[in-house]
Amino acid sequence: MAIKTAVIGCGRTANDLHAPVLEKHPEFEVTAICDVNLDALDKYSKRFPNAKKYTDYTTMLNSDEYDFAIILTYSYMHTAIALDFLRAGKNVLITKPWAITTDDADSIIKTAKENNCIVMPFIPCHDGADVVKLKEVIKEGKIGKVFRVYRAQMTFGKRSDWQTLKAYAGGYLNNWGPHIVEQAMCLVDEPIKSVYAQKRQIINPGDADDMFCSTLITESGVIVQVDHNIISDYLPNWVVQGDKGTIYVKGNEMEIHEISYPEADDPTVYRSVTETKKTNITLEGKIFGDHYSIYSMIAETLKGKPYIVSLDYARHLTEIMQSIHKSADENTLVIL
């Protein structure tokens with residue numbers, strides 16, 4: 001039997017990212033939709049004509065038309081809406097950022113436990129093709145011990161929507177951070193212990209940041225740099241440095257540099273001559289995640305299997321994001 005599903009927020013994300021999967025995935029049946037914007041609601045109803053339409057989510061909380069709610073609203077609304085659905089006994093999926101602060105995250109986790117509900121932060125890039133292959137190459141020991149990870153997205157593209165406004169919890173840190181900070185966090189696979197960051201508003205209107213640069217230090221001392229930058233799209237998206245080589249990733253293309261040294265050191269030379277073995281790989285799969293597969297995993301979670309990440313992990317991501325904001329706003333090093 002398909003999972004009866006409600007979609008709250010029928011804007012671009014709902015139409016471009018979620019509807020194409022929900023329309024064809026046999027595990028889900030959209031039975032209710034909600035948006036305060038009547039035009040958006042009517043547009044979405046054409047994709048799901050059998051779904052009941054709502055303009056106020058509070059009027060649908062106690063409905064038995066659905067068991068699972070997907071929250072795709074403005075970022076600043078996520079926590080309040082999620083708490084209401086959880087208190088009504090509904091399982092929820094929350095788009096990014098699932099929580100703005102650790103207080104928000106703690107409230108969501110506590111309320112989910114109290115009401116025996118499942119809550120899932122939507123993190124589509126967690127198992128992106130780039131992360132999966134990077135983990136594989138590192139595990140094989142091709143570049144030795146990793147000591148630094150760089151992850152970046154770059155654009156000169158402008159936005160002029162609500163994502164440019166602080167009042168809506170907009171900005172590129174809240175928008176892109178849950179993708180690229182989480183990916184770097186996933187790759188190093190250990191807690192972040194300190195954060196230093198800067199944010200700027202360079203080209204977008206509004207008052208929210210459109211670039212951020214952050215340096216994170218892990219528990220064992222790995223340096224992690226995560227940036228969203230206003231720059232032509234030329235530099236690598238990943239640079240992973242080990243003591244025996246380097247991995248570069250640009251889009252779906254990966255280049256692995258494995259370094260070898262002479263058999264014996266020569267103290268008379270300035271430094272040893274190294275040899276580099278280069279391997280080029282075209283990544284298979286989607287670097288920003290396969291949404292159909294993600295929804296299959298969500299269906300399994302709703303049936304009782306563990307979600308792809310724990311809520312403690314998701315809370316730590318929120319803690320890191322919050323610390324990037326704090327460091328940049330106060331120009332200070334934040335110790336977690």
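What you are looking at is a predicted structure, and each value in this text was computed from that prediction instead of being measured. When reading the values below, keep in mind they use all heavy atoms of this one structure, side chains included, and skip hydrogens, waters and symmetry mates.
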Item to complete: Identify whether the distance between the nearest side-chain nitrogen and carboxylate oxygen of Asp233 and Lys250 falls below 4.0 Å.
Response: yes

Fill in: Interatomic distance, Leu38 atom CG to Lys43 atom NZ [nearest 0.5 angstrom]
15.0 Å

Worksheet item: For Tyr196, does the OH atom have more than 12 heavy-atom neighbours from other residues, nucleotides or ligands under 6.0 Å away?
Response: yes

Item to complete: Mark yes when over 12 heavy atoms from residues, nucleotides or ligands other than Glu275 sit less than 6.0 Å from its CD; otherwise mark no.
Response: no

Item to complete: With salt bridge (charged side-chain N to carboxylate O under 4.0 Å, His left out) as the test, would you mind laying out the steps for Lys90 and Asp84 before giving the verdict?
Response: CA-CA 9 Å; Lys90 307 295 186 181; Asp84 284 341; over 6 Å; no

Worksheet item: Between the side chains of His78 and Lys96, is a donor N or O closer than 3.5 angstrom to an acceptor N or O?
Response: no

Worksheet item: Can Asp312 and Arg315 be said to form a salt bridge (charged side-chain N to carboxylate O under 4.0 Å, His left out), step by step?
Response: CA-CA 5 Å; Asp312 285 342; Arg315 185 193 187 279; over 6 Å; no

Item to complete: Identify the residue among Lys244, His257, Glu258, Lys277 that makes a side chain to side chain contact (heavy atoms under 4.5 Å, CB included) with Lys142.
Response: Glu258

Item to complete: Would you mind reporting whether Tyr76 and Trp162 have side-chain heavy atoms less than 4.5 Å apart?
Response: no

Discussion item. Please verify the inter-ring angle class for Trp176 with Phe288; under 30° counts as parallel, over 60° as perpendicular, anything in between as tilted.
Written reply: perpendicular

Fill in: Where at least one partner belongs to residues 296-316, residue pairs that pass ring-ring contact (aromatic ring centres under 6.0 Å, His included), sequence neighbours excluded
His126-Tyr313

Item to complete: Return the orientation label for the His228 and Tyr172 ring planes: parallel under 30°, perpendicular over 60°, tilted otherwise.
Response: perpendicular

Item to complete: Before accepting this row, confirm whether a basic side-chain N of the pair Glu136/Lys133 lies closer than 4.0 Å to the acidic partner's carboxylate O.
Response: yes

Discussion item. Is the shortest side-chain heavy-atom distance between Thr246 and Val240 below 4.5 Å?
Written reply: no

Practice prompt. Evaluate the side-chain contact (heavy atoms from CB on, under 4.5 Å) criterion for residues Ile324 and Leu216: first the C-alpha distance (whole Å), next the side-chain angles of each, then the deciding distance (0.1 Å), finally the verdict.
Written response: CA-CA 9 Å; Ile324 294 173; Leu216 322 173; 4.3 Å; yes

Discussion item. I'd like to check Leu22 versus Ile70 (side-chain heavy atoms, cut-off strictly below 4.5 Å). Are they in contact?
Written reply: yes

Worksheet item: Any idea how Tyr66 and Phe85 line up, ring-wise: parallel (<30°), tilted (30 to 60°), or perpendicular (>60°)?
Response: perpendicular

Discussion item. Are more than 12 heavy atoms, taken from residues, nucleotides or ligands other than Lys303, located less than 6.0 Å from that residue's NZ atom?
Written reply: yes

Worksheet entry | Spatial distance of atom CE (Met154) from atom CG (Leu235) [nearest 0.5 Å] | 5.5 Å

Worksheet item: Going by heavy atoms in the side chains, are Val249 and Leu283 under 4.5 Å from each other?
Response: yes

Worksheet entry | Heavy-atom neighbours of Asp243 CG exceed 12 at 6.0 Å | yes

